[in-house]
Amino acid sequence: MSGGPTARAPAAATPSASDMLLTVHSVDLLKSKDGPNRREHHTDAYFSDKMIIRRGQTFQMWIEFSRPFNPKSDSLQLQLKLEPIFSRSTGIHISVPLVDILEDGRWEMKIVEQKDKRVRLAVNTLPTASIGCYKVTVESFSPKGKLLFPCSPNDLYMLFNPWCEDDAVYLDDESERKEYILNSMGRIYYGTEQQIGTRTWNFAQFEQDILEACLFILERGQVAMTEWRDPVIVSRMVSALVNSNDDYGVLMGNWKDSYEGGTSPTAWSGSGDILRQYYKSSGKPVKFAQCLGIPTRCVTNFNSAHDTDLSLTTDIYIDEKLEIIKDKTSDSVWNFHVWNESWMSRPDLPAGYGGWQVVDATPQEPSQGSYRCGPTSVSAVRNGQVNLKFDTPFVFAEVNSDRIYWQKKPDGSFSQVNVEKSAIGQCISTKAVGSDARVDITHLYKYPEGSWEERVAVERASRFGSKPALYPSPTGNDVSVEIVMDGAGPRIGEDAKLSIVLKNKSSSQRTASLLYEVMVMYYTGVLKNTVKKDQITLTLKPQETKTIPLTLQYKEYMNHLVDQGALMLAVTGRVNETQQILATQFNFRLRTPDLIITPQGDAVVGKELTVKITFQNPLSQVLRNVLFRIEGLGMQSVRKIAYGDVDKHATVTLTEKFVPTVAGPQKLLASMDCRLLTQVHGVADIVVKPK
């Protein structure tokens, strides 16, 4: 370690050892990846040679002096400084004294071994310390004076510690700590509730420069470093800084049909390349919360509502002809929405609301003047406690709002004609601990649909909304309507076949007029245009169930699809005898093909491995400017292959070579992106053998 004293002792004729200044010659922070500090602090996976530790835990270091250390006359002190580099916010200065006995909950250090001119120190850190990059200075004292030894440029990176019981992010299950902190590969779910797609995602939290990038982004938040000790504040900062809506964050949201000047979100397969691009564009040395030590998992909510008026309901307005009034229906339902959950205590809330917290870095509404969402207690959402911070009303509406249909009356006002109480928030999903299986965690966000507890939560929440008196007596409902899809659903390039099923539950005949409309939409629920529309008149005998088949031909939608092949079938109607309004919506997607990744032979560390990647174009159209991305298998950057054009129904085979660097189970990810076809990806599990 480089550095030197800031003062020198004058030459003496024949001084004894105790009469000399105590000069620090070198400092060894024992920072190697396979050393005791990195192993014991669970930071040995970081692809870095820096000193990375977790707060609330002791670390060790060696100091070599100009002479043997004399405990009776000499002393030591560490100075740790956390200072902003790119802003003028206030820093932190910590003095760590030398003591005989270490006590928990104090910044202290103790000599645990002495060899000639060298001493080994055990240094206590606080479980409430601010995370960040600390500058380290050794201060030595002797009867002849004081000397300072700055350890620059070798800094100390301190992270949150889920292994420490006194840390606010403590998680008591080792298998969960491995999954939510140490696992760099996760799963993201997309599509619709009946067609759940899966893709593997590289969080890249241990890759080179990613930790520095995360800390740099935190500093952009203009929050005092004294607040960096609190995971609640840090995660709220992350939510704001990852999006660029109002603070020049990492990613700019785009829900249009073109990604010119940027990258389609379906083309990414990991977080590392995103952060590295941000680092390059910022000109500064740059799974975010995971990287900083907060247990985190990705969660997908299907049929995710976007409530724009704080009514805590999803409102759809129809006219006298039962057609949707598009310019008034501002609330939308996204096919799916992905956010993160982070684990932490919530001392700012009543007891019982700690644990998993929603942190959404792609919010669609501002919160306290900035585009951010969370941390929101999942328990508070489940119980309808929308008065608890942060942003609980918005998250509640995403997962448990009622979808209410309002019909325009002749006088211009609107009346409530139908309520769907279980349409929003379906199949809320996350990756299982220790496997690639999908786990349904809907029960953590709400009680079973229709149960007494769930209705109480909805009505409790609605009292805080902009329409607190929304729940009159339900209208008659002796005729039901639902939409059914066969199997896993249609593939892109093929006809889509669905059915409208009506059931007369009364003992009398019913006649009804239906209007159905198939619309192409963005996965966010924003409609693009209508591709098919028709009216149906039918008669239902008492207790009869009638199925109406519906086919959407490829030629009807082929020129209208947007980024993720999402469509919506909306059905509205009226029962003539009772004037009951029938209304339902069904989101579905056109499934895309997978990339098939096939290793050729065994994978061995240091040995070249050939891999074949196969893709077949399912469309009767030429794919232009096809781009493949490959990452994983220990690579430190994404490999991009600009393939060019792929003819209609053609098969492409790429042959790529890799040299694995790390033994053990690995994943190789690949994705394909072009204007006409997105969300095409594949993953291979590869066990790399040691040399």
Side-chain angles (χ1 to χ4, degrees), residues 1-12 14-41 43-44 49-82 93-127 129 133-158 161 164:
M1 178 168 290
S2 62
T6 57
R8 295 192 178 276
T14 55
S16 64
S18 59
D19 291 333
M20 297 171 60
L21 279 169
L22 184 66
T23 304
V24 176
H25 278 184
S26 66
V27 174
D28 183 0
L29 291 178
L30 302 174
K31 62 182 182 176
S32 65
K33 290 180 63 175
D34 56 354
N37 282 330
R38 296 281 295 272
R39 284 200 316 270
E40 292 170 8
H41 286 252
T43 61
D44 48 317
D49 60 358
K50 297 180 172 63
M51 176 62 162
I52 306 172
I53 64 170
R54 300 189 186 276
R55 66 184 193 176
Q57 197 168 333
T58 300
F59 69 91
Q60 298 188 26
M61 58 187 288
W62 281 96
I63 301 178
E64 183 177 3
F65 301 106
S66 57
R67 60 172 175 79
F69 181 85
N70 185 347
K72 294 181 178 180
S73 58
D74 299 329
S75 187
L76 289 173
Q77 193 162 264
L78 280 187
Q79 303 294 341
L80 303 180
K81 291 184 179 181
L82 183 61
H93 184 187
I94 299 167
S95 295
V96 185
L98 184 67
V99 298
D100 293 328
I101 300 175
L102 292 179
E103 295 185 25
D104 292 339
R106 295 184 180 181
W107 285 103
E108 294 176 339
M109 62 182 181
K110 173 187 176 182
I111 296 176
V112 293
E113 186 177 357
Q114 185 166 356
K115 290 184 177 180
D116 192 23
K117 299 178 183 180
R118 301 173 70 228
V119 297
R120 180 163 60 92
L121 297 169
V123 184
N124 258 6
T125 63
L126 288 188
C133 177
Y134 287 82
K135 302 290 183 185
V136 182
T137 299
V138 178
E139 201 170 8
S140 61
F141 301 88
S142 69
K144 288 295 184 180
K146 176 179 73 172
L147 291 176
L148 299 177
F149 184 90
C151 298
S152 177
N154 294 285
D155 304 323
L156 184 152
Y157 289 79
M158 191 172 299
N161 191 354
C164 174

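By convention here, the first residue in the shown sequence is residue 1.
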(message) Would you compute the distance between atom CG of Asp28 and atom CH2 of Trp62 and round it to the nearest 0.5 angstrom?
(response) 9.5 Å

(request) Carefully, step by step, assess Leu98 and Leu121 under the rule side-chain contact (heavy atoms from CB on, under 4.5 Å). (result) CA-CA 9 Å; Leu98 184 67; Leu121 297 169; 4.0 Å; yes

(request) Go through the steps to decide whether Lys110 and Glu108 satisfy the test salt bridge (charged side-chain N to carboxylate O under 4.0 Å, His left out), and finish with yes or no. (result) CA-CA 7 Å; Lys110 173 187 176 182; Glu108 294 176 339; over 6 Å; no

(message) Restricting to non-hydrogen atoms, name the atom on Asn37 and the atom on Met51 that form the minimum distance, rounded to 0.1 Å.
(response) ND2-CE, 3.3 Å

(message) Exactly one of Val123, Leu29, Thr43, Leu156 should register a side-chain contact (heavy atoms from CB on, under 4.5 Å) with Ile53. Which one does?
(response) Leu156

(message) If I compare all heavy atoms of Phe69 with all of Gln114, which pair ends up nearest, and what's the gap?
(response) O-NE2, 2.8 Å

(message) To the nearest 0.5 Å, what is the distance between SG on Cys133 and NZ on Lys50?
(response) 8.5 Å

(message) Donor-acceptor check, side chain of Thr137 to backbone of Pro150, threshold 3.5 angstrom: yes or no?
(response) no

(request) Please examine the side chains of Met158 and Tyr134, heavy atoms only from C-beta on, and report whether any two atoms are closer than 4.5 Å. (result) yes

(message) Tell me the closest heavy-atom pair linking Leu126 and Arg106, and the distance in Å.
(response) CD2-N, 3.4 Å

(request) Report the residue from Val138, Leu21, Val24, Leu22 that forms a side-chain contact (heavy atoms from CB on, under 4.5 Å) with Leu147. (result) Leu21

(request) Spell out, as yes or no, whether a donor-acceptor pair under 3.5 Å connects the side chain of Arg118 to the backbone of Ile63. (result) no

(request) Apply side-chain hydrogen bond (donor to acceptor under 3.5 Å, both in side chains) to Thr125 and list each qualifying residue two or more places apart in sequence or on a separate chain. (result) none

(request) Output yes when a side-chain donor or acceptor of Arg67 lies under 3.5 Å from a complementary backbone atom of Met20, and no otherwise. (result) yes

(message) Using modelled atom types and a 3.5 Å cut-off, is there a donor and acceptor pairing between side-chain atoms of Arg39 and backbone atoms of Asp34?
(response) yes

(request) Can you measure from NZ (Lys81) to OG (Ser95) and round to the nearest 0.5 angstrom? (result) 9.0 Å

(message) If you compare all heavy atoms of Glu139 against all heavy atoms of Gln79, which two are closest, and at what distance to 0.1 Å?
(response) OE1-NE2, 2.6 Å

(message) Looking at Lys33, I want to see if its NZ is surrounded by more than 12 non-hydrogen atoms of other residues, nucleotides or ligands under 6.0 Å.
(response) yes

(message) I need the minimum non-hydrogen distance between His25 and Phe65, along with the two atoms involved.
(response) ND1-O, 3.9 Å

(message) Would you compute the distance between atom OG of Ser140 and atom CG of Asp74 and round it to the nearest 0.5 angstrom?
(response) 8.5 Å

Going by atom type alone, with no hydrogens or angles, which donor-acceptor pairs under 3.5 Å involve a side-chain atom of residues 54-61 and a protein atom two or more places apart or on another chain?
residue : atom : partner : partner atom : Å
Arg54   : NE   : His41   : O            : 2.8
Arg54   : NH1  : Phe160  : O            : 3.1
Arg54   : NH2  : His42   : O            : 3.1
Arg55   : NE   : Pro127  : O            : 2.9
Arg55   : NE   : Asp167  : OD2          : 2.6
Arg55   : NH1  : Ala129  : O            : 2.7
Arg55   : NH1  : Arg229  : O            : 2.8
Arg55   : NH2  : Pro127  : O            : 3.4
Arg55   : NH2  : Asp167  : OD1          : 2.9
Arg55   : NH2  : Arg229  : O            : 3.3
Gln57   : OE1  : Asn161  : ND2          : 3.0
Gln57   : NE2  : Glu40   : O            : 2.7
Thr58   : OG1  : Asn124  : OD1          : 2.7
Gln60   : OE1  : Arg120  : NH1          : 2.2

(request) Please test Leu78 against Met109 for side-chain contact (heavy atoms from CB on, under 4.5 Å), starting from the C-alpha separation and ending with a verdict. (result) CA-CA 8 Å; Leu78 280 187; Met109 62 182 181; 3.7 Å; yes

